[in-house]
Amino acid sequence: MHLSYLPIITKIRVSEQGNIFDEFQWRGLLFDATAELKEVLATQRVTAYIGFDPTASSLHVGSLLPIMGLARLQRFGHTPIALVGGGTGLIGDPSGKTAERQLLNREQVEINLNGIRSQLAQFLDFDRAGNPAQIVNNLDWLGELHLIDFLRDVGKYFTVNYMLSKESVKRRIQSDDGISYTEFTYMMLQAYDFLALYRLNGCSLQMGGSDQWGNILAGTDLIRKADAAKAHGLVFPLVTNSAGTKFGKTESGTVWLDPERTSPYRFYQFWMNTDDRDVIDYLKYFTWLTREEIAEFEKSVAEDPGSRAAQKELARLVTAMVHGEDAFEKALVASKVLFGGSLGNLSVSDLKDIFEDVPSTSLSRDVFEGAGLGVLNLCTETGITASNGEARRLIRQGGLFINSDQIEDENAVIMPSNLIENQLLILRKGKKNYHLVQVNSEASS
RNA sequence: GGACGGGUACCGAAGCGGCCAAACGGGAUGGACUGUAAAUCCAUUGUCUUUCGACUUCGGAGGUUCGAAUCCUCCCCCGUCCA
C-alpha cells in the first residue's frame with residue numbers, strides 16, 4: 001500500500017541496543033508475561049508472532065500497538081511473524097466480547113485479509129539480514145485440519161474445565177447471550193496456531209493485547225503438553241484514554257489505518273486531540289522516541305500544556321509513519337488553515353489542496369440556480385446532519401458556518417453568488433468539523 | 001420437548017389500557033469557559049413542518065377497545081432451569 005514510505009520508518013533508528021524486555025517495560029507495554037521470558041529474551045534470539053484477525057479490511061489505530069511491538073522486537077534482533085487469521089477469522093474470537101459475533105463469510109475474510117496483509121507489510125522489514133519478518137496465514141494449516149485429527153491431537157490436551165476457567169469464556173457463560181460452541185472452540189484453534197508455528201518456524205513467543213492472555217496461555221500449555229517444550233507469552237496493555245471512552249474511536253467512528261477510510265487529515269487530528277494525561281503514554285507506545293526525548297515532552301506538558309508540543313509531535317510522527325511524510329505535511333497545512341483563523345484570501349486551488357482529505361461532497365451547480373438551495377437541504381444533502389430537524393437545531397445553537405460566516409437563519413438560501421469562485425462551499429459544524437462542497441457544472445452528485 | 005423469565009429509541013433501563021414520542025442514566029451533538037485538551041455548566045437528542053400540528057416507532061403478524069408499548073391469539077428470537 002505505502003511501501004514507498006518504508007524508509008521513514010526505518011531511517012529513524014536502524015538498530016537498537018539492549019534488551020527488548022526492558023524496552024517494553026519502560027514504555028509501559030508490558031502488561032503481563034510468562035515467568036522466564038525476561039531471561040529468554042536477554043540471552044536468545046527468538047521468533048515471535050502476533051495474530052491479527054481479519055474482522056475488517058483495514059487495521060485501526062488500536063492495532064498499531066501490537067504492530068509496533070513486532071517492529072520493536074525486530075529491531076532488537078528477534079524474528080517477527082505477523083499471522084493473519086484466515087482460518088480463525090472464520091470462527092470469531094470471544095475474547096473481550098460480550099456477545100456472540102456474526103460469522104463473516106469466506107469472501108469477506110479473503111478481502112479483509114488482503115487489506116490487512118498489505119498494512120502489516122508497511123511496518124516490518126522482510127529483507128533484514130538474520131531476522132527477516134514473515135507474514136503467514138493460519139488458514140494454511142487450519143484449513144486442512146480434519147475434525148477427527150483435531151479432536152485426537154489437540155482436543156485431547158484440553159479439559160473442558162480448563163476452558164471454562166478462562167476469563168473470556170467465563171464472562172460469556174455468565175452473560176445472557178451465552179457462547180456458541182464455535183466461539184468456545186476458538187481458543188483451541190489459536191493454541192494450535194502457536195503449536196503449528198512452533199513446529200514450522202521454531203516460534204516460541206506469542207504476543208498480543210491483554211485480552212489475548214488466556215488464548216496465549218492455552219498455546220503455551222498446548223506446546224508444553226504436546227511437544228514437551230517451553231513457549232512464552234507477552235501481552236500489551238489495553239490502550240485506554242483518560243476520558244474513559246474507547247481508544248481509537250472518534251465522533252466519526254473508528255480511526256483506521258487505511259487512508260480511504262480515515263483520511264490522513266482526520267488521522268492527524270485524532271492524535272492531535274490526545275488528552276494531556278495520555279499523550280506521554282502514547283508517545284511511548286506509538287513512536288520510536290527515546291527515553292530522553294520523551295522526558296523532554298513530559299516536561300513540556302507539565303510546564304506549558306497550552307502549546308501542545310507533545311500532541312504535535314505525536315501526531316506528526318504517527319501520521320508520517322502510517323501515511324508518509326507528504327500526507328503529514330498536507331494534514332498539517334490543512335490543520336493550520338482550518339484552526340488558524342480565516343480562510344479569506346486563499347485561492348480555490350489552495351483550498352482544494354488543503355481540503356483534499358477533508359470530507360467532501362460534490363453537488364451539481366443546477367441545485368443552486370433559480371431559488372437557490374436552502375441551508376437545511378444543504379446540510380442533509382452533504383450528510384453533515386442526519387435530518388432537517390438536526391440541521392435546524394444546529395443553526396439555532398449557532399453551530400453552522402458556511403465559508404466562515406455563521407448562519408443564523410434556518411431559512412437562509414445559498415445562491416450561486418455565495419460560491420467561492422463559483423465552485424466551492426466550505427461548511428463547518430461546530431468548531432472542528434469541516435466539510436467541503438465542490439460544485440460541478442454538470443455532473444450531479 | 002416442558003416450566004419460567006425476557007425482547008422498549010445509539011446503548012443500558014423504566015413504563016404494564018388514555019396524562020407515552022415514551023421517565024432516568026450513559027453516549028452523542030451544539031454552546032459557554034479554554035489550549036482544536038480535561039473538568040464543569042447550559043441546550044438538544046424519532047421524522048416532516050416548526051406556531052399550532054401531522055406522521056411513523058416499543059421483536060413480527062393479527063385481534064379486543066372510542067383508545068394499546070401496555071390486554072388477547074399465533075409466530076420468531078434470547079436466557080435460566082428441567083427432560
Side-chain angles (χ1 to χ4, degrees), chain A residues 97-102 170-181 183-184 240-255 263-283 297-298 300-316 319 331-343 354-355 357-359 374-377 379-402 404 406-412 427-435:
Chain A
K97 304 283 174 196
T98 50
E100 185 79 12
R101 295 215 251 169
Q102 190 71 36
K170 220 192 286 178
R171 186 178 339 154
R172 287 280 295 279
I173 284 182
Q174 282 159 0
S175 88
D176 285 350
D177 296 327
I179 181 168
S180 67
Y181 182 73
E183 288 192 14
F184 182 59
T240 56
N241 65 35
S242 300
T245 55
K246 201 169 187 310
F247 172 76
K249 299 275 185 191
T250 66
E251 59 277 6
S252 40
T254 303
V255 180
S263 71
Y265 165 75
R266 284 225 165 133
F267 189 85
Y268 177 82
Q269 283 294 321
F270 166 75
W271 295 102
M272 197 61 193
N273 281 311
T274 302
D275 195 310
D276 288 358
R277 293 169 292 179
D278 297 322
V279 69
I280 295 302
D281 283 347
Y282 290 4
L283 282 173
F297 284 108
E298 200 162 2
S300 151
V301 172
E303 289 168 4
D304 182 20
S307 73
R308 284 168 300 138
Q311 278 89 342
K312 284 176 184 163
E313 184 68 355
L314 175 69
R316 178 177 85 83
T319 307
L332 179 65
V333 170
S335 299
K336 276 189 175 153
V337 170
L338 296 178
F339 294 101
S342 83
L343 309 163
I354 288 165
F355 280 87
D357 293 330
V358 174
V375 286
L376 298 180
N377 286 333
C379 285
T380 45
E381 196 72 23
T382 54
I384 190 171
T385 59
S387 66
N388 286 3
E390 198 179 314
R392 278 204 175 84
R393 229 176 284 138
L394 183 66
I395 292 168
R396 251 179 238 165
Q397 297 177 142
L400 179 67
F401 296 80
I402 296 180
S404 60
Q406 186 170 31
I407 304 300
E408 286 159 348
D409 178 6
E410 33 190 277
N411 296 314
L427 302 190
R428 192 178 112 209
K429 175 183 162 188
K431 269 183 280 195
K432 312 192 212 175
N433 296 301
Y434 283 90
H435 193 103

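Quick note: numbers below take in every heavy atom, side chains included, and nothing from hydrogens, waters or symmetry partners.
Look at the P atom in both B:rA23 and B:rA69: the space between them is 15 Å, to the nearest Å. If you take atom C1' in B:rC24 and the same atom in B:rA61, they sit 32 Å apart, rounded to whole Å. Taking atom C1' in both B:rA28 and B:rC11, one finds a spacing of 11 Å when rounded to whole Å. Between the P atoms of B:rA68 and B:rG62, the separation comes to 14 Å (whole Å). Across the C1' atoms, B:rA38 and B:rA32 are found 16 Å apart, a figure rounded to whole Å. Distance noted for atom P between B:rG6 and B:rG15: 11 Å (whole Å). B:rA9 and B:rA83: their C1' atoms are spaced 39 Å apart (whole Å). Taking atom P in both B:rU73 and B:rG25, one finds a spacing of 37 Å when rounded to whole Å.
A:R428 places none of its side-chain heavy atoms less than 4.5 Å from the side chain of A:H435. No side-chain heavy atom of A:F297 sits less than 4.5 Å from a side-chain heavy atom of A:L314. Residues A:I407 and A:L394 have side chains not in contact (no heavy-atom distance under 4.5 Å, counting atoms from C-beta outward).
The separation between A:D276 atom CG and B:rU36 atom C1' is 12 Å, rounded to whole Å. Atom CG of A:L314 and atom P of B:rU36 are 17 Å apart (whole Å). To the nearest angstrom, P of B:rU47 lies 13 Å from CG of A:L376. The NZ-P distance, from A:K431 to B:rU34, rounds to 10 Å in whole Å. Regarding A:R277, its CZ atom lies at a distance of 8 Å from the P atom of B:rA38, rounded to whole Å. For the pair A:E390 CD and B:rU49 P, the interatomic distance rounds to 14 Å; values are reported in whole Å. The interatomic distance linking A:L427 (CG) with B:rG30 (P) rounds to 14 Å, in whole Å. Atom CG in A:D278 sits roughly 18 Å away from atom P in B:rU36 (whole-Å rounding).
Across all non-hydrogen atoms, the minimal contact from A:D275 to A:Q311 is C-NE2, 4.0 Å. Taking each heavy atom of A:M272 and A:A315 in turn, the nearest pair found is N-CB, 3.8 Å.
Between atom CZ of residue A:F401 and atom OH of residue A:Y434 there is a gap of 9.0 Å, rounded to the nearest 0.5 Å.
Taking for each of A:L394 and A:E410 the nucleotide of RNA chain B with the nearest heavy atom, the 5'-most of the two is the partner of A:L394. Across the interface with RNA chain B, nearest-nucleotide mapping of A:N411 and A:R393 shows A:R393 to be the residue nearer the 5′ end.
Using N1 to N3 plus N6-O4 or O6-N4 for Watson-Crick, or N1-O2 and O6-N3 for G-U wobble, each under 3.5 Å, B:rG79 pairs with B:rC4. Across all strands shown, B:rG27 pairs with B:rU45; the Watson-Crick or G-U wobble distances both stay below 3.5 Å. If you check B:rU40 for Watson-Crick or wobble pairing at under 3.5 angstrom, you find it paired to B:rA32. Remark: B:rC74 base-pairs with B:rG60; criterion is Watson-Crick or G-U wobble with both hydrogen-bond distances under 3.5 Å. For B:rU65, there is no paired base (Watson-Crick or G-U wobble, both distances below 3.5 Å).
Looking at A:K312, its side chain has no donor and acceptor atom pair within 3.5 Å of the base of B:rU36. Judged by distance alone with a 3.5 Å cut-off, a donor-acceptor contact links the side chain of A:Q269 to the base of B:rU36.
For the pair A:K432 and B:rA37, the criterion of a side-chain N or O lying under 4.0 Å from OP1 or OP2 is met. Contact between the side-chain N/O atoms of A:S387 and the OP1/OP2 oxygens of B:rC48 is found at a separation under 4.0 Å. Contact annotation: A:R396 side-chain N/O to B:rU44 OP1/OP2 distance is not under 4.0 Å. Phosphate contact (OP1/OP2 of B:rU47, side-chain N/O of A:N388, threshold under 4.0 Å): absent. OP1 or OP2 of B:rU49 lies within a sub-4.0 Å distance of a side-chain N or O belonging to A:R392. In this structure, A:N433 does not reach the B:rU29 phosphate: none of its side-chain N or O atoms is under 4.0 Å from OP1 or OP2.
Nucleic acid contact class of A:T385 (heavy atoms, under 4.0 Å, all strands): none. Here A:Q311 lies in heavy-atom contact (under 4.0 Å) with a base.
In terms of modelled atom types and a separation under 3.5 Å, the side chain of A:E298 and the main chain of A:I280 share no donor-acceptor contact. A donor-acceptor pair under 3.5 Å links the side-chain atoms of A:T382 to the main chain of A:C379, judged by distance alone.
Among B:rA43, B:rC33, B:rG35, the nucleotide with an atom closest to any side-chain atom of A:Q397 is B:rA43.
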